[in-house]
Amino acid sequence: MQTSRDLYRLSKGCFKTTLYEIRFLTLRSCSRASRFLEFQFRKAQTSLSSLSRCTNIASRRMSILALFMLRVRFAPSPTGFLHIGSARTFIFNWLYARRHGGTMILRIDDTDVERNTEASLQSIYEGLKWLELDWDEEYRQSNRLDLHRASAQQIFAQGLAYRDFTPAAAPAQSDGAWLANPGMRELSAAESDRRAAAGEKYVLRFRVPRESEGGEVAFQDLVYGPQSKTIADLEDFALLRSDGTPTYHLASCADDADLKITHVIRGQDHLSNTFKHLLIFDALGCTRPQFAHLPLLVAPDGAKLSKRRHGPVVSVTTYRDAGLLARAFINFIALLGWSPKDNREQLSRAELVESFSFEGVNRSNAVVNFTEEEPFDPKALWLNSQHMRSMPATDLACYVAQELAHDGIPVPFPDPWLVQAVDLLRARYITLKDFAQRGLPYFTDEVVMDATSLERLTSPARVGLGTLASRLAANPEFTDATVEAALRALAAELGLKPGVLINAARAALTGQAAGPSAFHLFTIIGRDRAISRLRAVAE
RNA sequence: GGCGCUAUCGUCUAACGGUUAGGACAGAGCCCUCUCAAGGCUUAAAUAGGGGUUCGAUUCCCCUUAGCGCUACCA
């Protein structure tokens, strides 16, 4: 639960950022804002109870404003499939937005025309769709180039940027310590204008204050705490490329400002970039958003996850295709770098939303534990099995039906029998794939005998199963109880240990030595099918 | 190289300076049992190294080491 201190801290930041816009709400009527908020909250399915904790009117008022003004964004660039690291960034943004009744924005950062692909964009949508996570607004950077250029112009007009006519081909000195192009930085305005007018290509660079002029850039990271850097240590980074398109830094900041983003939640790889971004926000004259950087997801060797080095395990669709439940994946990913601090491991989406806060976010990179042989982190698999076991069987049946349909296995849906079958099987399966693979004898007529099953179908057992088949056929009543009674009675008559016949029965019905209790099995397999399978192995 | 960030069991993590350093996954063992699971119980396993500060450091400070990130007209 949120403490009023959190709320206060949060509201303080947002209050500053959006002072102008919210003036109209400022409070003649707390109750009106409150009603509005309540609506927002309902939308986000969270409760209003945290508010009642703010006793003081001023903080209560600010909380209200902050809460409904909160805006976060997920800004992927469509240059590959949806990476699990990106998915995690989305998830954390989403959790934070939903936790506080804020607005979740999807912004496609596609300023790099060279590398963007439509396929990649589709892969992002596909991944997000699987996660069953939503967003409230959507933008595409390529539609906002005018804004970016205007922002660049605004910075340039203040003398905070300069034109660099150095040809792209000439690489910056490789011996490190590159900060600025002195010749270009000091170029006179007249000379700069003349060359630009003559059509000479240039890169627009930010004029980073040097030793004599600037002190430090500092900010408070919501995860990493106080951050600061000597401004003079920053290089004169590019704002506009020589073809006039904005760089990531410019486009991102201009959009964040324009979209009134209040909290930038992103990977820790942007922590150092934040200093540049702060310079841009300041140059643009807009209020800085708050920042929360997330520790990175890395491979067991400590390297950043990459498709080239680590293969398809870094793509969210791989998890989907392996039969994981979105809820388990989200649960797993959320626990990488974040902890509810109370020893809970399995959390529902609602519990995640309810307990998420930056205080629980760790600062060191998290290893996704996979190997060549075992491509999925064992914990992800375990969480999946836990979710399969604890979710309503009808819900699981829905996913199972989809999975089976995908594999071309016809199955009635919705259907009580399916629900029962799923319920019987789920305690020993760990992914949805298991239903379509190990579950074949339950959902189709295909029975493939495994070696252990064959061993259990001893000659006396086969004789017994033959008799059992006749007896079941003779008795119109067919329930778990009648089957058990018949089986045990028969075992006694034949002088066999019940287990021998029971195990043989399972082998005959499923071809599998491992599986659910034989007595629950018969009714799920069905009377006719069961009898014919018994006869097929009978002697 | 410069700058920044990080450092607890194999992995994910907990421990607002005082705990027998806790939990989970994976491992081992036991119980349960018609098989396999599930479930229950038990077990092994960690504060990177060195200095401070303190009555007392996993915790605060410094150094070393290691890892990661930024250092592009990529994002």
Side-chain angles (χ1 to χ4, degrees), chain A residues 75-79 109-112 114-116 164 166-168 171-172 174-179 201-205 221 224-225 227-230 233-235 237-249 251-252 267-276 293 295-296 298 300-304 332 335-346 360 362-370 374 377-383 385-386 389 425-430 438 452-453 456 484 487-488 491 497-507 512-519:
Chain A
S77 72
T79 55
D109 278 10
D110 54 354
T111 54
D112 183 6
E114 301 271 307
R115 303 198 309 154
N116 293 333
D164 180 349
T166 314
S174 46
D175 51 342
W178 180 89
L179 287 176
K201 296 273 189 210
Y202 63 87
V203 170
L204 192 71
R205 288 189 185 283
D221 191 275
Y224 286 87
Q227 303 293 316
S228 68
K229 178 162 178 146
T230 307
D233 284 339
L234 287 164
E235 74 282 2
F237 54 93
L239 258 19
L240 249 30
R241 303 192 187 97
S242 54
D243 63 359
T245 58
T247 60
Y248 160 75
H249 299 302
S252 175
Q268 191 246 41
D269 46 346
H270 286 296
L271 191 60
S272 336
N273 285 333
T274 307
F275 299 110
K276 294 173 199 164
H293 288 91
L296 263 22
V298 297
D301 62 5
K304 198 172 161 177
F332 168 67
L335 255 19
L336 248 27
W338 173 80
S339 160
K341 292 178 187 267
D342 54 10
N343 287 345
R344 280 135 87 211
E345 302 286 338
Q346 189 195 341
N362 211 310
R363 281 169 293 275
S364 50
N365 292 347
V367 175
V368 181
N369 202 7
F370 61 82
E374 189 53 75
D377 193 311
K379 198 148 188 177
L381 261 13
W382 175 78
L383 278 168
S385 71
Q386 292 302 306
R389 252 145 250 183
L425 260 12
R426 64 171 163 178
R428 53 214 95 213
Y429 287 178
I430 57 176
R438 292 206 274 154
T452 318
S453 291
R456 292 198 175 144
E484 177 163 3
L487 217 151
R488 287 196 191 276
K497 278 199 283 188
V500 172
L501 217 46
I502 289 169
N503 286 332
R506 179 173 30 251
Q512 297 169 351
S517 163
F519 303 125

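From a predicted model like this one, the values you see are computed outputs, not experimental measurements. A note on names: the letters A, B, ... follow the listed sequences, proteins ahead of strands, and every chain is numbered from 1.
With both pairing distances under 3.5 Å, rU19(B) is matched to nothing as a Watson-Crick or G-U wobble pair. Pair assignment for rG39(B): rC31(B), on the basis of Watson-Crick or G-U wobble contacts that are both within less than 3.5 Å. Nucleotide rC5(B): paired with rG67(B) (Watson-Crick or G-U wobble, both distances less than 3.5 Å). Figure legend. rC25(B) is base-paired to rG10(B); pairs are counted as Watson-Crick or G-U wobble with both atom distances under 3.5 Å.
Counting any heavy atom pair closer than 4.0 Å across all strands shown, K497(A) reaches no nucleic acid atom. Within the nucleic acid shown, N362(A) comes within 4.0 Å of sugar-phosphate atoms alone, with no base atom in reach, counting heavy atoms only. Using a 4.0 Å heavy-atom criterion, one finds that E235(A) contacts the sugar-phosphate atoms exclusively. Base engagement by H249(A) is indicated by at least one non-hydrogen atom pair under 4.0 Å involving a base atom. At a threshold of 4.0 angstrom between heavy atoms, the contacts of V367(A) are confined to the sugar-phosphate backbone, with no base atom among them. Residue D233(A) is classed as a sugar-phosphate contact, given heavy-atom separations below 4.0 Å to backbone atoms only. Looking at heavy-atom distances under 4.0 Å, T111(A) makes contact with sugar-phosphate atoms alone, never a base. Residue contacts for S77(A): at a heavy-atom cut-off of 4.0 Å it reaches the sugar-phosphate backbone alone, with no base atom in range. Among the atoms of the strands shown, only primed sugar atoms or phosphate atoms (P, OP1, OP2) are found under 4.0 Å from some heavy atom of G337(A).
The shortest side-chain heavy-atom distance between L234(A) and F275(A) falls under the 4.5 Å cut-off. Using a 4.5 Å heavy-atom threshold, the side chains of P300(A) and F370(A) count as touching. With contacts defined as side-chain heavy-atom distances shorter than 4.5 Å, the pair K497(A)/I502(A) does not qualify.
Each of F275(A) and D243(A) was assigned the nucleotide of RNA chain B with the nearest heavy atom; the assignment lying further toward the 5' end belongs to F275(A). Each of H270(A) and L335(A) lies near RNA chain B, and the nucleotide nearest L335(A) is the one positioned closer to the 5' end.
rA7(B) and rC63(B): their P atoms are spaced 16 Å apart (whole Å). When the C1' atom is used for both rU13(B) and rU47(B), the distance is 13 Å, rounded to whole Å. For the P atom pair drawn from rC34(B) and rU20(B), the interatomic distance equals 44 Å after rounding to whole Å. Nucleotides rC12(B) and rA46(B) have their C1' atoms positioned 13 Å apart, rounded to a whole Å. When the P atom is used for both rU58(B) and rA24(B), the distance is 24 Å, rounded to whole Å. For the C1' atoms, the distance linking rA44(B) with rC9(B) amounts to 10 Å, nearest Å. rA66(B) and rG52(B) are spaced 22 Å apart, taking the C1' atom of each and rounding to whole Å. Comparing the C1' positions of rA38(B) and rC5(B) gives an interatomic distance of 43 Å, to the nearest angstrom.
Residues K229(A) and D233(A) approach most closely at CE-CB, 3.8 Å, considering heavy atoms. Across all non-hydrogen atoms, the minimal contact from A513(A) to S453(A) is N-OG, 3.1 Å. Taking each heavy atom of Q386(A) and Q346(A) in turn, the nearest pair found is CB-OE1, 3.6 Å.
The side-chain contact (heavy atoms from CB on, under 4.5 Å) search around D243(A) returns R241(A), T245(A), not counting sequence neighbours. With sequence neighbours excluded, no residue forms a side-chain hydrogen bond (donor to acceptor under 3.5 Å, both in side chains) with N365(A). Residues forming a side-chain contact (heavy atoms from CB on, under 4.5 Å) with R363(A) (at least two apart in sequence, or on another chain): V223(A), Y224(A).
Under a cut-off of 6.0 angstrom, the local environment of NZ in K201(A) is sparse, with at most 12 non-hydrogen atoms contributed by other residues, nucleotides or ligands.
Atom OH in Y248(A) sits roughly 11 Å away from atom P in rU71(B) (whole-Å rounding). Distance CG (L336(A)) to C1' (rA24(B)): 13 Å, rounded to an integer number of Å. Between the CD atom of E345(A) and the P atom of rU13(B) there is a distance of 11 Å, given to the nearest Å. Going from atom CZ of R363(A) over to atom P of rC12(B) covers 16 Å, rounded to whole Å. The interatomic distance linking L179(A) (CG) with rG1(B) (P) rounds to 17 Å, in whole Å. The CG atom of N273(A) sits 18 Å away from the P atom of rC3(B) (whole-angstrom rounding). In this structure, D377(A) atom CG and rU13(B) atom P are separated by 11 Å, rounded to whole Å. Between L239(A) atom CG and rC73(B) atom P the separation is 12 Å, expressed in whole Å.
Distances from the side chain of L271(A) to the nucleotides rC5(B), rA26(B), rC73(B) place rC5(B) closest. Out of rU13(B), rU6(B), rU71(B), the shortest distance to the side chain of K276(A) is found at rU71(B). Relative to the side chain of N369(A), the nucleotides rG23(B), rU11(B), rC70(B) differ in distance, and rU11(B) lies closest. Set against rC12(B), rC70(B), rC25(B), the side chain of P378(A) has rC25(B) as its closest nucleotide. You'll find that the side chain of R205(A) is closest to rC73(B), out of rG69(B), rC12(B), rC73(B).
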What are the atom names and distances for every N/O pair under 3.5 Å that joins the protein to nucleotides 60-68 of chain B?
from, atom 1, to, atom 2, distance (Å)
rC68(B), O2', N365(A), ND2, 3.3

Anything under 3.5 Å between a protein N or O and an N or O of nucleotides 46-50 of chain B, put it in a table, one pair a line.
none

Whether each nucleotide of nucleotides 33-39 of chain B has a protein heavy atom under 4.0 Å at its base (B), only at its sugar-phosphate (S) or at neither (-) is summarised, 5' to 3', as -BBBBSS
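Without hydrogens or angle criteria, R115(A) side chain to S77(A) main chain gives no donor-acceptor distance under 3.5 Å. Although no hydrogens or angles enter the test, the distance criterion places no donor-acceptor pair under 3.5 Å between the side chain of S252(A) and the main chain of H249(A). A donor-acceptor pair under 3.5 Å links the side-chain atoms of T274(A) to the main chain of H270(A), judged by distance alone. Between the D377(A) side chain and the V368(A) main chain, no donor and acceptor come within less than 3.5 Å of each other.
Distances shorter than 4.0 Å separate none of the side-chain N or O atoms of K379(A) from OP1 or OP2 on rA26(B).
Residues E235(A) and R205(A) are not paired through a salt bridge, judged by the lack of any N-O separation under 4.0 Å between the basic side chain and the carboxylate. Under a 4.0 Å N-O distance rule, the pair R344(A)/D342(A) qualifies as a salt bridge.
Taking only distance into account, the side chain of Q227(A) never meets the base of rG4(B) through a donor-acceptor pair shorter than 3.5 Å.
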